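Data block below; observations after.
Indexing begins at 1, ligand by ligand and atom by atom, following the structure's order. In this text, all values refer to a predicted model and were calculated from it rather than measured experimentally.
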Amino acid sequence: MENTKNVVIVGAGLVGSLNACNLAKRGFHVKVYERRPDIRTQQHVKGRSINLALSCRGREALKMVGLEETVVRNGIPMRARMIHDLDGKRHPIPYGEKDQYIMSVDRRNLNELLLNAAEKHDNIEFVFEHKLVRCNFESGQAEFEGPDKSIVTETADLFIGCDGAFSSLRNLMMRATRLNYQQEYIPHGYIELTIQPTNNEFAMEVNYLHIWPRNEYMMIALPNQDKTYTTTLFMPFKVFESLQTEDDIIKFFKENYPDAVPLLGEGHIKQTLITTKAQSLISVKCYPYHIGSNWLIMGDAAHAMVPFYGQGMNAGFEDCIVLDELMNKYDLDFSQVLPAYTEKRHIDATAICDLAMYNYIEMRSAVNSKLFLLRKKMDNL
Ligand code: FAD
C-alpha cells in the first residue's frame, strides 16, 4: 500500500515505535524523532520500570504488527497474584479462569523489538537525539533540536506526540488551544530492587505477580527470563526520607517484609536504598487529544496513569488499535479521524486512569479486601 501522506511521530518509546509500524503498514511516510540516543546502542538505559505486565489489550496491538508471538515467547506468564503475609505465609489470588494470565515482559527488550520491527519498513526513518521544542500549529510545522543545538524543521500532514507523561507536544498544544489538563502526583514513590536466582533457579514460585501488601506500603515482584525478579517498593516519600541510615533500612524491611530480606540480601537492600532516589508517580488526564486535522497525542502523553493496574502501556497500545480502526472508518481523512479519536478514546482512557488510582489503594491493602476476607472465610469452611 502506498500513499503520499507524511506522518511525524514524537517519541520512539513503546507507543511511538508500535504506532510507527502500524502507520507504515498503511504506506505513510513516517519519521520518528526521539530525544534520547538509540537505546539499542546504549549499555544502560535510564528510565522507568524494568519489566511490565502485558495483558490482552497490549497483545492485540502487538498482533496487528505481527509481534505478539515473539513477545509472548520472551515473556513469563503470571497466572495469579501471590500474596505474601507479614508472617511469611503465601497464598495465591488468581486473575481469572485457569487459562487466563498476564505476561511479565522486559521493557527494554520490548522497545528494542519494536524499533527493529519499525526499521524493517523502508518508509520509516528514525532521528535520534532530537527533541521537539516548538510547533507552528497553523502552518503544520515542528522544530526539533539536535545535540549541537541545531534546529531541524519538519512539515507533515500529521504530527503524533507519543512523548510520554511529560509530553512536549501536549505542553505546546495547551498554549495553542483550550486543552483541559489535570495532573496529580500521588504521595508514593518507588524504588526497584532485584531478587537474584537461588542455585540458578527462581527464588520464588515463578508464574505469579508477587505482592507484599502492607496498607500504607506495598512491594511487588515480577519474574524475568534470567530468573531474577524485579522487585518494586512503593511507599510515601516521607517514609523513604525517614530511612536515613543502613540500620533504619534493615529494621524497616525486617518489620515489614521479613520473608523478602533473605531473598533480596541485606547488602543489596542497604546499598539500593542509600544510593537510589525514589521516583515519582503521576496521573495525567487531558481533553481533547487533538488540534485540527494535524496534531494528536497518544499513550502516556494523553493519559499517564499510576502503575497499579498495570495498564499504562497496554492502554497506549490499545490507542494504536483505535486509531487504526478510525483510519479505516474515515478512509484516512484526518479531519474526521482525529476528532473521532478524541471522543472515542477519552472516555476509556479516563476510566482506566481512575481504575488505576482505585487499585493504588486496593493492591496495598489487599489483605483487608473483600476478596481476601471471602477467601479466608472459605478456607475456614
Ligand atoms: P514513554 O514510554 O514515556 O516514551 C516516550 C518517549 O518519548 C521516550 O522515548 C522519550 O525519550 C521520548 N520523548 C519525550 N519527550 C520528547 C521530545 N520532546 N522530543 C522527542 N522525544 C521525546 N504499563 C503497563 O501496561 N504494565 C505495567 O506493568 C506497567 N508498569 C509500570 C511500572 C512503573 C513503575 C511505571 C512508572 C509505569 C508502568 N507502566 C506499566 C506504564 C508504562 O510504563 C507507560 O504507560 C508506557 O511507558 C507509556 O509509553 P509511551 O510510549 O506513551 O511513553
### Task
Classify the side-chain pair Glu325/Tyr341 by whether it contains a donor and acceptor separated by less than 3.5 Å.
no
Distance-only criterion, 3.5 Å: show the donor-acceptor pairs between side-chain atoms of residues 61-70 and protein atoms not counting sequence neighbours.
unit_1 : atom_1 : unit_2 : atom_2 : d
Lys63  : NZ     : Glu60  : OE2    : 3.4
Glu68  : OE2    : Arg59  : NE     : 2.9
Glu68  : OE2    : Arg59  : NH2    : 3.3

### Message
In this structure, is the centre-to-centre distance between the rings of Phe234 and Phe308 below 6.0 Å?
### Response
yes
### Task
Flag Ser168 as yes when one of its N or O atoms lies below 3.5 Å from any N or O atom of ligand 1, and as no otherwise.
yes
### Task
Under 4.0 Å from a heavy atom of Tyr190: give me the atoms of ligand 1 that qualify, with their elements.
34 (C), 36 (C)
### Query
Would you say ligand 1 has an N or O under 3.5 Å from any N or O of Val15?
yes
### Task
May I ask you to check whether Gly310 has an N/O atom sitting below 3.5 Å from an N/O atom of ligand 1?
yes
### Message
Could you check whether His303 and Asp348, counting side-chain N and O atoms only, form a donor-acceptor pair closer than 3.5 Å?
### Response
no
### Task
Compute the shortest N/O to N/O distance between Val10 and ligand 1 and return yes if it is under 3.5 Å, no if not.
no
Contacts table for residues 288-299: side-chain donor-acceptor under 3.5 angstrom, sequence neighbours left out:
unit_1 : atom_1 : unit_2 : atom_2 : d
His290 : ND1    : Thr342 : OG1    : 2.7
Asn294 : ND2    : Asp157 : O      : 3.0

### Query
Out of Arg107, His130, Glu192, Glu129, whose heavy atom sits nearest atom 47 (O) of ligand 1?
Arg107
### Query
What about Tyr95 and Tyr101, are their ring centers closer than 6.0 Å?
no
### Query
Is the Phe237 to Tyr185 ring centre distance short of 6.0 Å?
no
### Task
May I ask you to list the atoms of ligand 1 that are less than 4.0 angstrom from any heavy atom of Gly312?
23 (N), 24 (C), 25 (O), 41 (C), 45 (O)
### Query
If you measure from each non-hydrogen atom of Gln311 to ligand 1, which part falls under 4.0 Å: side chain, backbone, both or neither?
backbone
### Task
Would you mind running through ligand 1 and noting each atom that sits below 4.0 Å from a heavy atom of Gly299?
52 (O)
### Task
Compute the shortest N/O to N/O distance between Leu281 and ligand 1 and return yes if it is under 3.5 Å, no if not.
no
### Task
Going by heavy-atom distance to atom 6 (C) of ligand 1, choose the closest among Ala142, Cys162, Gly16, Ala315.
Cys162
### Query
Looking only at distance, does Leu132 have an N or O less than 3.5 Å from an N or O of ligand 1?
yes
### Message
Please state which option from Val306, Ile352, Asp300 has its nearest heavy atom closest to atom 44 (C) of ligand 1.
### Response
Asp300
